[in-house]
Chemist: 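Let me give you the structure first, and then I'll get to my questions.
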Amino acid sequence: MRKLILCLAGLMMVGPALAAGGGDVVLKHKDWSFSGPFGSFDQAAMQRGFQAYVEVCSGCHSLDYVSFRNLADLGYNEAEIKAIAAQYEVEDGPNDDGDMFMRAALPADRFPAPYPNKNAARAANNGAYPPDLSLIAKARANGPDYLYSLLTSYVDAPGDKEVPDGMYYNSAYSGHLIAMPQPLYGDDVTYADGADSSVEAISADLVSFFAWTAEPALEKRKRTGVAVVAFLLILSAMSFGAMRFIWADVKK
Amino acid sequence: MSASKFSNPVVRWIDHRLPIFSFLEHEANEYPTPKNLNYFWNFGSLAGISLVIMIVTGITLAMSYTAHVDYAFESVERIMRDVNHGWLLRYIHMNGASFFFIVVFIHIFRGLYYGSYKAPRELLWMLGVVILLLMMATAFMGYVLPWGQMSFWGATVITNLFSAIPFVGESIVTWLWGGFSVDNPTLNRFFALHYLMPFLIVGVVILHLVALHRFGSNNPLGIDTRGPQDTLPFHPYYTIKDFFGLSVFLTFLAAAVFFFPNFLGHPDNYIPADPLQTPAHIVPEWYFLPFYAILRAVPDKLGGVLAMFGAIAILFVLPWLDRSPVRSARFRPLFKIFFWILVIDCIVLGYVGAKPAEGMYLLVGRVATVWYFVHFLAILPLLSVIETPRPLPQSISTPVFGGGGGLAGAVAAPKEKL
Ligand code: HEM
């Protein structure tokens with residue numbers, strides 16, 4: 001009968017793994033600072049990733065669920081956040097005359113999107129829609145590894161593969177033909193801390209940043225989890241002892 | 001019911017007029033429980049606690065959730081980001097649903113193994129099957145609420161099944177949707193029903209418990225208790241054992257919630273629903289996969305729907321398919337083998353359900369589907385006739401095997417109660 005538990009546990013592990021199977025691509029794996037039960041974010045990498053997002057990706061991709069105030073998690077102080085927000089303009093209103101107007105963004109505002117709507121985004125990108133990136137690290141199987149692989153896998157198409165106009169060959173993308181032109185070539189950004197700006201390094205920084213935008217509570221979740229699980233293990237041990245004590249006089 | 005049972009005068013005063021304390025005393029303290037229950041008997045109380053966890057986290061989620069196609073996805077993200085501990089509530093609710101099903105599936109297979117569905121517990125068993133159906137409906141509608149890609153397309157595929165009903169199918173689907181596709185009216189009614197159904201489950205759970213307390217728990221030997229030497233008062237013996245089980249259960253749940261919260265989910269549900277873009281593979285939540293496999297195993301749409309619902313409906317009549325008077329598989333050598341084959345069959349169905357319905361998978365799915373029905377409709381009735389059970393012990397406290405006499409006793413026992 002004990003086998004039953006194992007079998008059902010097996011079923012529960014196998015099901016989703018199969019369902020989420022990536023298919024025809026082998027992903028490049030990296031040991032991310034945020035993976036594992038004790039994982040945490042690397043603030044310096046996130047700041048670099050943020051810079052790369054702003055300077056390279058934000059022209060096409062929105063970041064709808066992130067507000068400027070959230071940047072505090074990256075280690076920016078209030079004044080820095082205000083200054084970052086002030087570089088953006090957002091629409092507000094209506095004012096007393098009933099008109100909408102533009103004003104400098106405040107920390108409470110969300111990141112403005114590059115396009116006013118989906119159709120405008122499509123029209124500007126050959127009919128392909130550049131998805132919002134806030135949740136991208138959770139919206140793909142093995143998100144972090146996938147993102148890293150996608151950004152670093154623009155390679156020459158094999159001779160027999162025809163690449164239509166407006167499409168690009170990427171060996172990590174399912175089907176290998178993606179409508180996003182290669183975004184990174186190396187030295188696309190100049191990091192203030194002088195960190196490596198190869199394609200691989202920028203990609204890894206971007207992954208750190210997007211892991212955070214997808215799951216800002218990750219560190220808190222894992223820290224709480226260690227305490228909660230430790231408590232529950234002790235509780236289990238104590239209640240097991242109490243059970244043995246109470247059952248001691250029962251004849252089998 | 002003597003009031004003197006309680007020394008506290010306030011308790012005595014209340015109990016005389018409203019005998020809730022007598023009731024609790026009777027149900028918890030005096031309620032005699034077989035003393036030989038193993039850990040598989042923990043899963044009933046775990047299921048009850050899972051239901052409470054779902055209701056508490058669900059109601060708090062509902063305080064920040066918006067049931068509108070334009071805001072649902074965003075409101076769930078606000079819960080994850082801006083609501084204090086919203087991520088915790090949502091991850092508990094999300095993983096809690098999976099754990100609820102794990103617990104209930106083990107609970108059901110426990111019943112299958114130890115023959116808990118047999119007389120005099122047929123209604124108890126059938127009420128359990130009703131709970132399973134209600135849970136499935138609740139979880140299905142809950143999964144639609146975050147309005148991700150899988151929410152939308154899962155809802156579309158499953159509601160479309162009803163179009164297989166001859167003549168009125170299409171009208172029924174339109175009626176379910178409240179329109180001509182899964183849209184805002186659908187989301188609204190699913191939210192209303194998702195809020196309602198857990199409380200219906202609470203009602204059926206109460207009936208389930210009333211039926212349970214009529215004859216008490218079955219036990220691993222599957223024989224009736226023969227007096228006080230076979231039983232223990234529920235409290236403190238089983239309260240502490242259930243508490244221990246709960247601690248272990250919560251440890252597993254916490255490990256999932258805090259360290260692998262999205263492991264059982266599908267990444268596509270973090271993409272907002274888009275009616276214009278169909279995902280490559282539409283897969284239901286893992287707990288529906290065996291049923292999904294049965295649905296797709298039948299080439300005909302209506303046939304598939306009937307087979308899928310039939311797979312559950314068959315459980316209602318199980319007490320009359322398995323006529324063997326011996327309950328526990330421990331004393332049924334053949335039944336035991338077929339039980340394990342059934343378990344494997346269900347796992348195979350779950351595996352196939354996650355795969356595209358083509359080629360080898362389809363073939364395996366069909367064989368497994370046929371086997372599922374053969375098990376219940378042919379093998380169990382046949383076994384009741386041809387199987388020679390091993391001798392039963394005379395009672396729980398005397399593990400002495402009474403030769404043929406023990407078996408005769410067991411045969412007589414259920415009849416007494418009829
Ligand atoms: C039998 C008990 C219940 C089950 C099995 C269940 C199941 C589910 C499931 C599977 C989801 C989708 C989770 C996700 O992927 O995000 C969900 C979402 C939701 N449920 Fe429940 N639920 C139950 C009880 C309740 C109750 C009593 C309420 C109270 C109103 C509730 C409110 C919600 C809300 C607001 C959501 C959307 C938020 C979200 O997706 O996280 N649930 N439920």
Side-chain angles (χ1 to χ4, degrees), chain A residues 1-5 7-21 23 36-37 64-67 70 131-132 134-143 174 214-217 220-222 224-226 228-229 231-233 235-240 242-243 245-247 250-252, chain B residues 35-36 38 40 74 77-78 80-81 86-88 91 98 102 105-106 109-110 113 148 220 232 236-237 240-241 243-244 246-248 250-251 254-255 257-259 261-272 280-281 283 286-287 289-290 329 340 343-344 346-347 350-351 353-355 397:
Chain A
M1 202 56 188
R2 208 160 294 152
K3 281 177 260 174
L4 176 56
I5 284 194
C7 292
L8 287 170
L11 172 67
M12 134 197 175
M13 317 268 276
V14 164
L18 293 169
D64 285 349
Y65 301 114
V66 182
S67 306
N70 298 137
D132 183 80
S134 340
L135 280 163
I136 198 79
K138 288 201 289 189
R140 297 288 182 277
N142 300 315
S174 127
E215 185 88 6
K220 196 172 175 195
R221 163 161 70 71
K222 293 188 174 181
T224 317
V226 171
V228 171
V229 170
F231 168 80
L232 287 170
L233 284 173
L235 185 70
S236 302
M238 282 171 44
S239 53
F240 182 73
M243 179 180 74
F245 178 76
I246 289 174
W247 278 74
V250 177
K251 278 202 216 69
K252 276 279 146 75
Chain B
K35 66 182 198 180
N36 61 334
N38 61 27
F40 283 100
E74 165 154 7
E77 273 313 306
R78 289 210 82 109
M80 295 293 287
R81 289 155 198 269
W87 56 271
L88 181 57
Y91 278 156
S98 283
I102 294 171
F105 285 155
I106 294 175
F109 277 98
R110 185 281 316 261
Y113 188 84
L232 292 168
Y237 294 98
I240 185 66
K241 193 171 177 184
F243 185 79
F244 167 60
L246 175 64
S247 315
V248 174
L250 290 179
T251 309
V257 164
F258 290 107
F259 300 126
N262 294 304
F263 179 74
L264 292 164
H266 196 293
D268 277 15
N269 232 24
Y270 283 109
I271 305 171
H281 297 291
V283 271
W286 69 267
Y287 35 81
L289 290 175
W340 286 111
V343 171
I344 294 167
C346 291
I347 292 170
Y351 173 85
K355 291 290 185 180
S397 47

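Since this is a predicted model, take the numbers as computed values, not measurements. Just so we're on the same page: letters track the sequence lines, and every chain starts at 1.
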Chemist: Please rank B/P261, B/A255, B/S98, B/A254 by heavy-atom pairs under 4.5 Å with chain A and give me the top one.
Modeler: B/P261
Chemist: By a 4.5 Å heavy-atom criterion (distance strictly below it), what part of B/L232 contacts chain A: side chain, backbone, both, or neither?
Modeler: side chain
Chemist: On a heavy-atom basis, which atom in B/T251 and which in A/L232 lie closest, and how many Å separate them?
Modeler: OG1-CB, 3.4 Å
Chemist: Just jot down the side-chain hydrogen bond (donor to acceptor under 3.5 Å, both in side chains) partners of A/S239, sequence neighbours excluded, or say none.
Modeler: B/S247
Chemist: Which pair of non-hydrogen atoms, one from B/P236 and one from A/I246, has the smallest distance, and what is that distance?
Modeler: CG-CG2, 3.9 Å
Chemist: Out of A/I136, A/T224, A/V66, A/D132, return the one with the most heavy atom pairs under 4.5 angstrom to chain B.
Modeler: A/T224
Chemist: B/N262 versus chain A, heavy atoms under 4.5 Å apart: side chain, backbone, both or neither?
Modeler: side chain
Chemist: For A/A237, is it the side chain, the backbone, both or neither that has a heavy atom under 4.5 Å from a heavy atom of chain B?
Modeler: neither
Chemist: Set out, in order, the CA-CA distance, both residues' side-chain angles and the distance that settles side-chain contact (heavy atoms from CB on, under 4.5 Å) for B/E77 and A/D64, then state yes or no.
Modeler: CA-CA 10 Å; B/E77 273 313 306; A/D64 285 349; over 6 Å; no
Chemist: Answer whether the closest heavy-atom distance between the side chains of B/Y91 and A/R221 falls below 4.5 Å.
Modeler: yes
Chemist: Looking at every heavy atom in both B/F259 and A/P37, which two are closest together, and how far apart are they?
Modeler: CE2-O, 3.6 Å
Chemist: Tell me the closest heavy-atom pair linking B/K35 and A/W247, and the distance in Å.
Modeler: O-CZ3, 3.6 Å
Chemist: Is the closest side-chain heavy-atom distance between A/L235 and B/F243 below 4.5 Å?
Modeler: yes
Chemist: Which word best sums up how the rings of A/F240 and B/F244 line up, parallel for under 30°, tilted for 30 to 60°, or perpendicular for over 60°?
Modeler: tilted
Chemist: If you look at every heavy atom in A/A139 and B/I271, which pair is closest and at what distance?
Modeler: CB-CG1, 3.8 Å
Chemist: Just how far is it from atom CD of B/E74 to atom OH of A/Y65, taken to the nearest 0.5 Å?
Modeler: 5.5 Å
Chemist: Does the side chain of A/R140 come within less than 4.5 Å of B/Y270's, by heavy atoms?
Modeler: no
